[in-house]
Amino acid sequence: MNNYKILGIIIVIGIILSICAVTISANISSNDNDDNEKYNIATLNAKDLNHSTNTTHIVNLNINQISGGTNIKFANTDSYYNVSSSMQNNTKVSYDNNNDSVNVNVSSNNTDNSIVLSDKYTYIINSNITAGGININATDGNILRFNNHIVAGGANIDLNNGSVYLINNNINTGGMNVMGTPSGITDIDSNINVGGLNIQTDSLEVKSNNIELGGTSLRNISSNDTHNKIRLNSDIQVGGANLISTDH
């Protein structure tokens with residue numbers, strides 16, 4: 001194994017550990033220190049929104065976070081969103097109607113947020129994070145697009161039979177971890193300046209994988225014509241990619 005591959009693997013391991021630390025911190029803080037007042041306000045707004053726009057099916061979730069973590073999951077609920085925050089007054093939630101869609105805006109600084117979305121609607125998630133991470137459990141979810149931009153930090157996505165049609169990932173320093181198999185086809189377009197990409201799924205088709213300085217670990221990669229798989233386009237300047245498909 002040459003030095004570039006060793007460098008890439010080391011960077012991948014470091015990035016995965018940093019992603020785990022960020023997402024675990026977000027989960028613990030959001031679950032143990034919920035801001036009940038903020039949670040109730042967000043729930044009330046969502047219920048009002050349902051009454052006034054009951055024909056809306058597309059929800060644009062816009063997340064702007066200076067520092068901290070965001071944890072997203074789906075549940076069987078009529079509310080478009082429920083938001084809880086670990087720090088009172090550090091998270092602001094607003095929404096507005098836009099013809100046949102709704103914009104939900106979540107802005108925060110130095111806090112961890114937990115967002116529960118409905119399994120009854122289709123979402124476009126736009127995430128802009130300066131320093132921190134985002135964790136998405138897509139089980140029972142329907143995500144049309146996940147547009148992720150992180151200056152420093154990581155993204156963790158558990159597909160777990162959820163529908164995620166497109167992931168646009170742009171990270172300056174950090175990494176993305178994708179686990180599980182989607183319901184349908186998930187296209188991933190990933191650009192990372194310095195960091196790593198880790199994908200473990202049942203079926204993975206690598207359409208392109210470019211690394212300027214670093215290395216790639218591939219296992220059981222194929223272009224099988226299956227209905228549930230990930231299709232990947234990846235570009236990394238410095239770092240590495242660990243790509244594993246369990247489908248032989």
Side-chain angles (χ1 to χ4, degrees), residues 1-24 65 69-70 125-136 138 143 145-160 164-182 184-226 228-248:
M1 182 178 295
N2 61 40
N3 290 335
Y4 285 167
K5 290 186 177 181
I6 294 174
L7 172 64
I9 292 172
I10 291 174
I11 293 177
V12 169
I13 294 173
I15 293 302
I16 292 173
L17 291 176
S18 67
I19 292 173
C20 292
V22 169
T23 53
I24 290 173
Q65 188 137 9
T70 296
I125 301 175
N126 303 302
S127 175
N128 288 282
I129 299 173
T130 302
I134 184 168
N135 178 66
I136 298 179
I143 301 174
R145 290 195 303 275
F146 171 46
N147 301 313
N148 178 52
H149 180 266
I150 297 176
V151 177
N156 183 68
I157 304 169
D158 188 351
L159 295 173
N160 201 19
V164 183
Y165 296 96
L166 176 61
I167 298 174
N168 290 314
N169 178 59
N170 289 279
I171 297 176
N172 184 47
T173 303
M176 182 170 70
N177 182 47
V178 180
M179 305 293 290
T181 300
I185 294 177
T186 296
D187 286 304
I188 298 178
D189 292 325
S190 177
N191 291 278
I192 298 173
N193 287 334
V194 178
L197 174 65
N198 180 60
I199 298 178
Q200 297 185 37
T201 183
D202 285 346
S203 183
L204 175 62
E205 177 183 350
V206 179
K207 301 177 71 174
S208 66
N209 177 44
N210 301 312
I211 299 177
E212 293 297 322
L213 177 61
T216 301
S217 175
L218 302 174
R219 189 184 306 170
N220 300 329
I221 304 301
S222 66
S223 58
N224 293 338
D225 185 17
T226 178
N228 304 311
K229 69 177 179 180
I230 294 174
R231 295 188 301 206
L232 173 67
N233 288 296
S234 173
D235 189 2
I236 299 174
Q237 296 301 308
V238 179
N242 183 46
L243 309 175
I244 298 176
S245 174
T246 59
D247 186 14
H248 295 279

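All values derive from a computational prediction rather than experimental measurement. Residues: numbered from 1 along the sequence shown.
- Ser190 meets the side-chain hydrogen bond (donor to acceptor under 3.5 Å, both in side chains) test with Asn169; sequence neighbours excluded.
- In this structure, Ile150 and Gly132 approach most closely via the heavy-atom pair CG2-O, 4.2 Å.
- With a 4.5 Å cut-off on side-chain heavy atoms, Ile136 and Ile143 count as touching.
- With sequence neighbours excluded, the residues forming a side-chain hydrogen bond (donor to acceptor under 3.5 Å, both in side chains) with Asp189 are Asn233, listed by chain and number.
- Of all heavy-atom pairs between Ala241 and Asn209, the closest is CB-OD1, 4.2 Å.
- The side chain to side chain contact (heavy atoms under 4.5 Å, CB included) search around Asn170 returns His149, Asn191, not counting sequence neighbours.
- Rounded to the nearest 0.5 angstrom, Leu166 CG and Ile188 CD1 are separated by 9.0 Å.
- Here the shortest heavy-atom pairing between Ala138 and Val164 reads CB-CG2, 3.8 Å.
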Quiz prompt | Ile230 and Leu159: CA distance, side-chain angles, deciding distance, side chain to side chain contact (heavy atoms under 4.5 Å, CB included) verdict | solution = CA-CA 10 Å; Ile230 294 174; Leu159 295 173; 3.6 Å; yes
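- Summarising the geometry of Ser245 relative to Ser203, their closest heavy-atom pair is OG-CA, 3.4 Å, with the distance given to 0.1 Å.
- Looking at residues two or more places apart in sequence or on another chain, you find a side chain to side chain contact (heavy atoms under 4.5 Å, CB included) between Thr181 and Thr201, Asp202, Asn228.
- Thr130 and Val151 get closest at one heavy-atom pair: O-CB, 3.2 Å.
- Two residues are said to be in side-chain contact when any heavy atoms from C-beta on lie closer than 4.5 Å; Met179 and Asn198 meet this criterion.
- With rounding to the nearest 0.5 angstrom, the CD1 atom of Ile211 is 10.5 Å from the CD atom of Gln237.
- Shown here for Gln200 and Asn242, the closest heavy-atom pair between the two residues is NE2-ND2, 4.3 Å.
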Practice problem: Would you please test Asn148 and Ile167 for side chain to side chain contact (heavy atoms under 4.5 Å, CB included) and show each step? | Solution: CA-CA 8 Å; Asn148 178 52; Ile167 298 174; 5.7 Å; no
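- Atom CG of Leu243 and atom CG of Leu232 lie 6.0 Å apart (nearest 0.5 Å).
- Applying the salt bridge (Lys or Arg N to Asp or Glu O under 4.0 Å) test to every pair with at least one member in residues 230-246, sequence neighbours left out, gives these pairs: Asp187-Arg231.
- In this structure, the side-chain hydrogen bond (donor to acceptor under 3.5 Å, both in side chains) partners of Asn172, at least two apart in sequence or on a different chain, are Asn193.
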